[in-house]
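Sequence lines set the chain letters: A, B, ... in the order given, protein chains first and strands last, and positions in each chain run from 1. Values reported hereafter were calculated over all heavy atoms of this structure, with side chains retained and with hydrogens, waters and symmetry mates removed.
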Number of protein chains: 2
Amino acid sequence: MKATTTVSKRNSKEIPDIVIGRLPVYLRTLRLLADEGRDVTSSQELGGHLGISSAQIRKDLSHFGEFGKQGTGYNIAFLCNQLQKILNVDRVWPIVLVGAGSLGNAIANYAGFESRGFRIVAIFDEDKKKIGLEMGPVFVDDFANLKERVEETGAQISVIAVPTHVAQRVADQLIQAGLTSILCYAPITLTVPPHVRVEYIDPVIHFQHMTYYLG
Amino acid sequence: MKATTTVSKRNSKEIPDIVIGRLPVYLRTLRLLADEGRDVTSSQELGGHLGISSAQIRKDLSHFGEFGKQGTGYNIAFLCNQLQKILNVDRVWPIVLVGAGSLGNAIANYAGFESRGFRIVAIFDEDKKKIGLEMGPVFVDDFANLKERVEETGAQISVIAVPTHVAQRVADQLIQAGLTSILCYAPITLTVPPHVRVEYIDPVIHFQHMTYYLG
DNA sequence: AGGTTCTGGTGCATTTTATCACAAACAAGC
DNA sequence: GCTTGTTTGTGATAAAATGCACCAGAACCT
């Protein structure tokens with residue numbers, strides 16, 4: 001296994017975003033294999049699990065270095081480590097959550113973030129009845145205190161779990177407060193400046209994708 | 001506006017899945033515009049909202065028919081209607097949900113499904129303490145009754161909102177019961193037969209995608 | 001030691017996806 | 001009715017993503 005001293009883009013050629021998007025899936029799967037006590041795997045096995053070709057996995061990884069060994073495959077622990085460094089999840093990122101409804105509550109109570117690099121450090125709501133409630137690891141805070149908390153915690157990532165009609169306004173304020181990454185659960189496409197990255201989770205989009213094929 | 005008598009694949013050439021995946025986003029956005037009282041829009045306006053090119057929108061739609069009018073654009077209500085037919089959401093699909101934890105509770109209590117073509121018709125759990133609880137529109141049922149309820153309701157779509165370590169087993173039983181579409185919230189790639197479609201929601205995948213760029 | 005079987009990395013071919021750019025259709029003003 | 005300004009639908013083109021096929025390195029068996 002050739003030592004790749006630094007984990008970085010192999011060349012400084014830009015790596016396709018679609019490749020980056022698959023790395024977390026590889027990482028998740030590798031850690032599951034590790035949990036099963038496995039030590040090594042191959043691009044073929046991994047591809048089989050994920051329903052993608054082994055060539056794609058090899059090519060994706062080759063953007064960042066040479067992590068495998070011919071004839072053997074990949075050392076799972078080592079590859080996990082490398083992927084974590086590539087994705088910058090070899091640390092824990094603070095996240096602020098807006099919306100203390102049932103969805104916010106579910107997110108706040110989810111125990112699986114920490115081991116994968118994330119921690120909810122604040123939850124905000126505008127409803128006075130919600131403020132002060134204990135939810136998951138923290139207490140619900142007044143959304144008016146957003147900026148203050150962002151500065152304290154150094155958070156860059158946020159989650160929007162509020163009703164659709166206030167989502168854009170919330171997004172504007174998150175950006176105003178300095179957040180640069182937003183995961184939006186509201187079923188709306190947000191308008192944001194170019195330096196802000198938004199990703200979306202909307203189950204109905206998935207359902208509608210499915211029903212196309214259900215005829 | 002040329003009458004497209006049937007809403008169907010223009011040609012019987014297969015339409016790319018990636019195109020299908022964008023249609024629900026178009027539909028969502030169009031309905032938001034309709035809610036704002038707008039009557040017509042253009043591929044350019046729509047593309048501006050969504051951050052994609054107008055050409056892509058036109059080409060995507062052109063797979064299914066001619067829905068616009070030169071010089072004017074698209075009639076929003078009409079296009080919504082057509083997209084709903086294309087996606088088969090001009091009806092309401094029954095959905096069964098497995099997992100009555102806080103995530104299951106959030107999903108069950110979400111009021112936004114019905115207007116977009118879906119209704120939770122059953123919630124299952126194995127925990128005796130959960131069974132019988134009222135959750136959203138229904139009462140939590142014993143997972144052992146799955147097959148029976150699926151037959152009663154005619155459901156084809158299911159949602160997995162259970163802990164990772166039971167997700168595969170739950171998926172197996174859903175498939176066993178005849179479900180063919182699964183939306184999986186557990187952070188695991190399921191192994192399923194070819195006739196079953198699975199989509200995934202895992203916020204951590206999105207977070208890790210973001211942190212790559214946060215360096 | 002030598003042959004056999006794996007498996008990763010990679011250049012090249014293929015397929016898929018996105019963009020360009022333009023004719024035709026329509027609206028509106030004059 | 002003619003001209004001007006839009007906007008669609010689409011063939012052609014460009015770009016991106018995927019898959020193929022093979023070489024070299026490594027393990028393992030005899």
- line: note: A/Glu14, atom CD; D/dA15, atom P; distance rounded to Å ~ 17 Å
query: Is A/Tyr74 near enough to C/dC6 that one of its side-chain N or O atoms lies under 4.0 angstrom from OP1 or OP2?
result: no
message: Taking the minimum atom-to-atom distance to the side chain of B/Thr72, which one of C/dA18, C/dA27, C/dT7 wins?
response: C/dA27
- prompt: Do you see a donor-acceptor pair shorter than 3.5 Å between the side chains of B/Asp172 and B/Gln168?
  reply: yes
- request: Tell me which nucleotide among C/dC26, D/dA26, C/dT17 gets nearest to the side chain of B/Pro16.
  value: C/dT17
task: Quick one: pull up OG in B/Ser181 and NE2 in A/His206 and give me the separation to the nearest 0.5 Å.
output: 13.0 Å
message: Is there a side-chain contact between A/Thr180 and B/Tyr213 in this structure, where contact means two heavy atoms from C-beta onward sitting under 4.5 Å apart?
response: no
message: Any heavy-atom pair between the side chains of B/Val159 and A/Phe207 that's under 4.5 Å?
response: yes
statement: Ranking C/dA18, C/dG8, D/dT10 by distance to the side chain of A/Ser43, first place goes to C/dG8
field: Out of C/dA18, C/dG8, D/dG11, whichever nucleotide has its closest atom nearest the side chain of B/Lys59
entry: D/dG11
- request: Check whether any side-chain N or O of B/Tyr200 sits under 3.5 Å from a backbone N or O of B/Leu190 as a donor-acceptor pair, and report yes or no.
  value: yes
Polar pairs (N or O, both sides) under 3.5 Å between protein and nucleotides 21-24 of chain C?
| unit_1 | atom_1 | unit_2 | atom_2 | d |
| --- | --- | --- | --- | --- |
| C/dA21 | N6 | B/Arg58 | NH2 | 3.3 |

query: For B/Glu66 and D/dT7, what is the distance between atoms CD and P respectively, to the nearest whole Å?
result: 18 Å
task: Send over the distance from A/Asp60 CG to D/dG19 C1', rounded to a whole Å.
output: 12 Å
- prompt: Would you say the side chains of B/Ser62 and B/Arg58 form a donor-acceptor pair under 3.5 Å?
  reply: no
- request: Using atom CG of B/Leu61 as one end and atom C1' of D/dT10 as the other, report the distance to the nearest whole Å.
  value: 13 Å
- prompt: Between B/Phe78 (CZ) and D/dT8 (C1'), how many Å, whole number?
  reply: 14 Å
query: Which whole-number value in Å describes the distance from A/Gln44 CD to C/dC6 P?
result: 10 Å
task: Find the distance B/Ile57:CD1 to D/dT7:P and express it as a whole number of Å.
output: 13 Å
message: Once side-chain hydrogen bond (donor to acceptor under 3.5 Å, both in side chains) is applied, do any residues pair with A/Ser158, and if so which ones, sequence neighbours excluded?
response: none
query: Of the nucleotides D/dA26, C/dT7, C/dT10, which has the atom closest to the A/Ser42 side chain?
result: C/dT7
message: Without decimals, in angstroms, what is the distance between A/Glu45 CD and C/dG8 C1'?
response: 15 Å
message: With heavy-atom distances below 4.5 Å as the criterion, would you say the side chains of B/Leu30 and B/Leu46 are in contact?
response: yes
message: As an exercise, state the distance from OH of B/Tyr26 to CG of B/Leu83, rounded to the nearest 0.5 Å.
response: 9.5 Å
- line: Between its two end axes (five pairs each) the helix from C/dA1-D/dT30 to C/dC30-D/dG1 turns, nearest 10 degrees, through 20°
query: Got a second to check how far A/Tyr74's OH is from A/Gln82's CD, nearest 0.5 Å?
result: 12.0 Å
message: Tell me whether the side-chain N/O atoms of A/Ser53 come closer than 4.0 Å to OP1 or OP2 in D/dG19.
response: yes
message: Regarding A/Ile18, tell me which of base, sugar-phosphate or nothing describes its non-hydrogen contacts under 4.0 Å with the strands shown.
response: sugar-phosphate
task: Assign each of A/Gly71 and A/Ile52 to its nearest nucleotide of DNA chain D by heavy atoms, then name whichever residue's nucleotide is nearer the 5' end.
output: A/Ile52
